[in-house]
Every structure is written in C-alpha cells, then in structure tokens.
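The next block holds one structure in the form of structure tokens; read it before the comments.
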Amino acid sequence: MQLKFEVLNNTLVVLLNGELDHHSAEEVREEIDKKIESQNIKNLVFDLTNMRFMDSSGIGVVIGRYKKINKLGGKVGVANLNPHVDKIFQMAGIYKIICKFDTKEEALANL
Amino acid sequence: MSFENYMKIEFLSKSQNESFARVVVASFVSQLDPTIEELADIKTAVSEAVTNSIIHGYDKQNEKVYLECRIIGNTIEITVEDFGKGIDDVDLARQPLYTSKPELERSGMGFTVMETFMDRIIVESEKGKGTRIKMIKKLKTAKNKE
Ligand SMILES: Nc1ncnc2c1ncn2[C@@H]1O[C@H](COP(=O)(O)OP(=O)(O)O)[C@@H](O)[C@H]1O
Ligand SMILES: [Mg+2]
C-alpha cells in the first residue's frame with residue numbers, strides 16, 4: 001500500500017494506493033497518525049480513488065482514525081468509493097459517524 | 001454434465017499471505033467467468049477467513065493455514081482451515097461487531113462480511129483444536145448474466 005498526503009488548510013487528505021487488509025493496515029494506521037500528530041490537523045479525508053481492495057480491516061482503520069480526529073474536534077470524510085467498499089462501510093454503520101462524498105473537492109468544501 | 005474442479009494449498013500464517021490467498025482463489029474462480037462484483041465478494045470473504053486464522057487462530061507466524069476450493073457446476077465452495085486456538089462461542093463470534101481483539105483495531109465485522117458476500121457459511125470450531133470455515137456461493141450462469 002502506498003500513501004500520498006496533502007494538507008489543505010488544516011485538513012489532511014490521504015490518497016490510498018493499493019489494497020487495505022490486515023497486512024497493510026498497521027503501516028497505514030501509523031503513517032496517518034504520524035501526520036495527524038505532526039501537522040496540526042483537524043479534519044481527515046480518505047480519498048479511495050485508487051484503493052483496489054478493502055476488507056473489514058479497513059473499517060477498523062477508519063473508525064480508529066475517527067476516534068483520534070473526534071478528540072481533536074474535527075471530522076472525517078471518505079471520497080471516491082466504489083460500490084463494494086460502500087457496501088462494507090454501510091454494513092458496519094460507519095456513515096453514522098463519517099461523511100461520504102463523491103469527490104475529494106466536495107469533501108474539502110463540506111467538512 | 002456438471003463441471004467439477006478442485007484445488008488445495010497450504011501456506012504459513014503470515015499476513016503477507018492474505019493477499020496471496022485472495023489472488024489464488026480469484027484466479028481459480030475465473031474459470032467460471034464471474035462478474036466483477038462476484039469476484040470482489042469472493043476475494044473479500046476469503047480475506048476475512050484467512051486473516052482470522054492468522055490473527056485469531058494462531059499466535060505465531062509459522063503455523064499452517066489450509067485453503068481448499070471446489071467448483072461444482074456454477075457453485076464455488078471455499079474452505080479455510082487452521083489447527084489453532086478454536087472459537088469458544090461460535091454464536092457470539094458470528095455476531096456483528098463482536099471482536100476479541102479490539103486493541104488491534106479489529107472491527108468485529110469479519111463474519112458479517114463473509115455471511116453477506118457468500119450465500120452460506122458453515123463454521124466448525126473446537127477449542128484447542130482449530131477452526132474450519134466453509135463458504136458457499138452460487139454464481140450467476142453465463143446465460144442469465146447479461
Ligand atoms: N480462526 C479463528 N480462530 C480463533 N478464533 C476466531 C477465528 N475466527 C474468528 N475467531 C473469533 O471470532 C471473533 C470475530 O471474528 P470477526 O467477525 O472476523 O471479527 P474480528 O476479526 O474483527 O475480530 C474474533 O474476534 C475471534 O475471537
Ligand atoms: Mg476477522
């Protein structure tokens with residue numbers, strides 16, 4: 001899994017490139033947390049355009065980051081999901097706490 | 001005449017093998033010409049079962065996980081087996097959001113994902129002996145696929 005970061009105002013955008021499973025989750029978690037802690041971040045957007053696979057390990061990663069961001073008074077969004085990932089998030093009831101957007105721009109404008 | 005095929009592999013309980021297992025099953029199933037959605041469903045279910053054997057079944061990374069696939073007509077049967085810890089209470093384990101490892105940021109949604117994406121899952125587990133998960137899915141036939 002390859003991550004690309006972008007900071008716009010105090011929103012961190014993470015572009016995930018690859019497959020998010022239990023194997024890649026730890027690295028993803030650590031890299032994102034490091035950015036959150038070092039860059040004065042408030043909100044977080046997961047851009048899933050290039051995420052080719054996700055299983056329930058991804059739910060844990062997103063909810064874990066939500067807990068962190070929530071403590072900082074910020075919000076978490078997900079953008080550009082394919083129908084499969086959307087189904088997994090829905091199953092877990094993730095949209096009760098996380099906002100879904102069609103595009104990254106929409107997420108940045110509305111968080 | 002009904003088409004039949006079968007394969008079985010074993011691999012070490014290392015997390016690198018989660019993606020390996022998905023790729024193996026996806027390429028075996030490809031002979032049934034699944035839709036993109038069916039393939040994603042199957043890969044996700046396999047990932048869940050194999051991950052569970054690796055993180056819950058065993059504490060060490062050099063134990064063996066067994067993966068078996070059988071094709072009968074348009075139906076795929078996938079079995080994932082470990083000889084690890086076993087599950088105390090299968091009914092509890094299968095409940096959405098139940099996890100015995102919240103400290104690892106597990107979501108407890110693995111069994112729910114398997115049940116949603118496959119037609120049927122059968123869990124056999126014995127404490128101290130191991131766990132076998134059998135997952136069955138009937139694919140749409142080429143004719144009514146369109
Ligand atoms: N192969 C296995 N060996 C031992 N315990 C297991 C196995 N598979 C599942 N479990 C138990 O069932 C629980 C629920 O599994 P699951 O729904 O995949 O959630 P998660 O993996 O997120 O904990 C696990 O937390 C674990 O206690
Ligand atoms: Mg699991």
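Residue numbering restarts at 1 for every chain, and letters A, B, ... go by the order of the sequence lines.
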Counting only heavy atoms not in [X] (residues, nucleotides, ligands), do more than 12 fall under 6.0 Å from its [atom1]?
X	atom1	result
B:K101	NZ	yes
A:N9	CG	no
B:L92	CG	yes
B:R22	CZ	yes

Can you get from [X] to [Y] by hopping between Ile, Leu, Val, Met, Phe, Trp and Tyr side chains that sit under 4.5 Å apart?
X	Y	result
B:V25	B:L12	no
A:L3	A:V13	no
A:V85	B:L39	no
B:M118	B:V113	no
B:Y98	B:I133	no

Listing, residues 23-33 of chain A side-chain donor-acceptor contacts under 3.5 Å, not counting sequence neighbours, or none:
residue, atom, partner, partner atom, Å
A:H23, ND1, B:S15, OG, 2.6
A:S24, OG, A:E19, O, 2.8
A:S24, OG, A:D21, N, 3.1
A:S24, OG, A:D21, O, 3.4
A:S24, OG, A:D21, OD1, 3.3
A:R29, NE, B:E105, OE1, 2.9
A:D33, OD1, A:R65, NE, 2.6
A:D33, OD2, A:R65, NH2, 3.2

Less than 4.5 Å to any heavy atom of chain A: does that hold for the side chain of [X], its backbone, both, or neither?
X	answer
B:L104	backbone
B:D41	both
B:S19	both
B:K14	neither

Taking only residues at least two apart or on different chains, which pairs with a member in residues 72-98 of chain A satisfy salt bridge (Lys or Arg N to Asp or Glu O under 4.0 Å)?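 For residues 72-98 of chain A, and leaving out neighbouring residues, the salt bridge (Lys or Arg N to Asp or Glu O under 4.0 Å) pairs sorted by first residue read A:D86-A:K100, A:K87-B:E37.
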By number, which residues in residues 47-64 of chain A have some heavy atom less than 4.5 Å away from chain B? A:F53, A:M54, A:D55, A:S56, A:S57, A:I59, A:G60, A:V61, A:G64
Residues in residues 103-111 of chain A near chain B [non-hydrogen atoms, under 4.5 Å]: none
A:M91 side, atom CE; B:S107 side, atom OG - distance, nearest 0.5 Å: 10.5 Å
Inter-residue atom distance A:H84.NE2 - B:T44.OG1, 0.5 Å rounding: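 So the NE2 of A:H84 and the OG1 of B:T44 are separated by 3.0 Å.
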